Amino acid sequence: MHALDGQTHADTRPTAVIATGGTISMLADPASGVRRPVLTGAALADGLTGLSAPLTHLQPYAIASEDATFAHWLTLVQEIVRLTPGHHGVVVMHGTDTMEEAAYFISECVPRAAVALCGAMRPPGRPGYDGGQNLMDAVTVARDPLARTLGTVVVMNHEVLPAWDVVKRDSVALSSFATRHGTRIGTVHDRQLRLLSRPLELNWIGQIPTEAPDPDAVAYVRMTGSPGPTRFAEAIRGAAGIVVDALGAGSIPAAVRSDLIGAAGRVPVVLTTRTGSGPVQAEESYPHAWDDLISAGVLLEKRLDGPRARIRLSLSLSLGRPYTPLEPL
Ligand code: GLU
């Protein structure tokens, strides 16, 4: 039997709930109407009938997640390391705009911790507020005996989605969260996790930097048709690493190609695709099409999107490690 809300499982340790702000906690100021992230995790949990699991609450900061930095996410990692031994899983309440990046950062640093992130697409008090249900579902997942084998997941709208692949794909829909490659791990309904697939074992970094990576270290550029060569050169100048969301399976326009090849001689350059799914890989359709890039040392990232490759490269640089594409073990 799965641990349902802490009632049927022998592990009576509490689950830690780390609140960080985001729509899930944004109450309207009575005077101005402006919403601010002031609802605490404890207040939200107290108002939920059916959430009877023992919980420990903490709130290291309360922000809208567009203001989250590597330093915020490193704080979460440090709290997770501190809390894990005495707790039955960790839940992180996070703004949805950068939730997938927070989940990925955590997963890279502590891949074996049982962490479930949740948030809300509708704010408290609005019809369809989804924060309470998502918190309840995240607690259910974090307390499940299987949670440790899942690593870091995002739990939104009853879906359990892996940190390496989950994306916010719609700016407003309740069903916004999905995966790029269809890697849904499971669903959660009525306080039961239903596992649908096993998460991949991946070559995570598995190391925690002592200081937050420098957010300016990596230049991240999304390629377009008719790119401006001068702008491109400016965007990558001085970077310690470069991530380019290439066109299609890895196309780089001639207008910027020699600049990118030149940069690859000096710093790590990683290519991702801007298409939203699929690998950077030319061999089947266009044999040898990227040979000049590859022989210059450009790395082809087949699984991650650009923002996640930027996190992996930023962490790698701060830890003094070479970038290796994310691969199954
Ligand atoms: N932009 C805010 C944030 O990401 C609100 C969006 C949300 O949480 O859904 O924190």
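One-based numbering, in listed order, for ligands and for the atoms of each. When a residue number appears, it is its place in the shown sequence, counting from 1. Note that the structure is a prediction, hence the values are computed from the model and not measured.
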**Asked** Can a salt bridge be assigned to the pair R184 and E159 using a cut-off of 4.0 Å between side-chain N and carboxylate O?
**Response** yes
**Asked** Just checking, is any N or O donor in the side chain of H87 or T56 under 3.5 Å from an acceptor N or O on the other one?
**Response** yes
**Request:** Would you please test D165 and R303 for salt bridge (charged side-chain N to carboxylate O under 4.0 Å, His left out) and show each step?
**Result:** CA-CA 8 Å; D165 205 27; R303 281 180 178 73; over 6 Å; no
**Item:** Numbered atoms and elements of ligand 1 in range of G22, under 4.0 angstrom, heavy atoms
**Value:** 8 (O), 10 (O)
**Request:** Measure the distance from atom 9 (O) of ligand 1 to every protein heavy atom, then report the residue, atom name and distance (to 0.1 Å) of the closest one.
**Result:** T96 OG1, 2.3 Å
**Complete:** Counting from 1 in the order shown, the ligand 1 atoms closer than 4.0 Å to a non-hydrogen atom of G95 are 3 (C), 4 (O), 8 (O), 10 (O)
**Request:** Tell me which protein heavy atom sits closest to atom 3 (C) of ligand 1, plus the residue, atom name and distance to 0.1 Å.
**Result:** S65 N, 3.2 Å
**Asked** Is it the case that W164 and H181 place a side-chain donor and acceptor less than 3.5 Å from each other?
**Response** no
**Request:** Answer with yes or no whether the hydrophobic clustering places L300 together with V218; edges join I, L, V, M, F, W, Y residues whose side-chain heavy atoms lie under 4.5 Å apart.
**Result:** no
**Request:** Can you figure out which of D130, V172, D97, T23 has its heavy atom closest to atom 1 (N) of ligand 1?
**Result:** D97
**Asked** Taking the non-hydrogen atoms of M121, is any one of them nearer than 4.0 angstrom to ligand 1?
**Response** no
**Fill in**
Only residue of V244, L299, T273, D245 satisfying side-chain contact (heavy atoms from CB on, under 4.5 Å) with V280 is T273
**Message:** Counting non-hydrogen protein atoms only, what is the nearest one to atom 2 (C) of ligand 1? Give residue, atom name and distance.
**Reply:** E66 OE1, 3.2 Å
**Request:** Run the contact test for P37 against ligand 1 with a 4.0 Å cut-off on heavy atoms, strictly below, and give the result.
**Result:** no
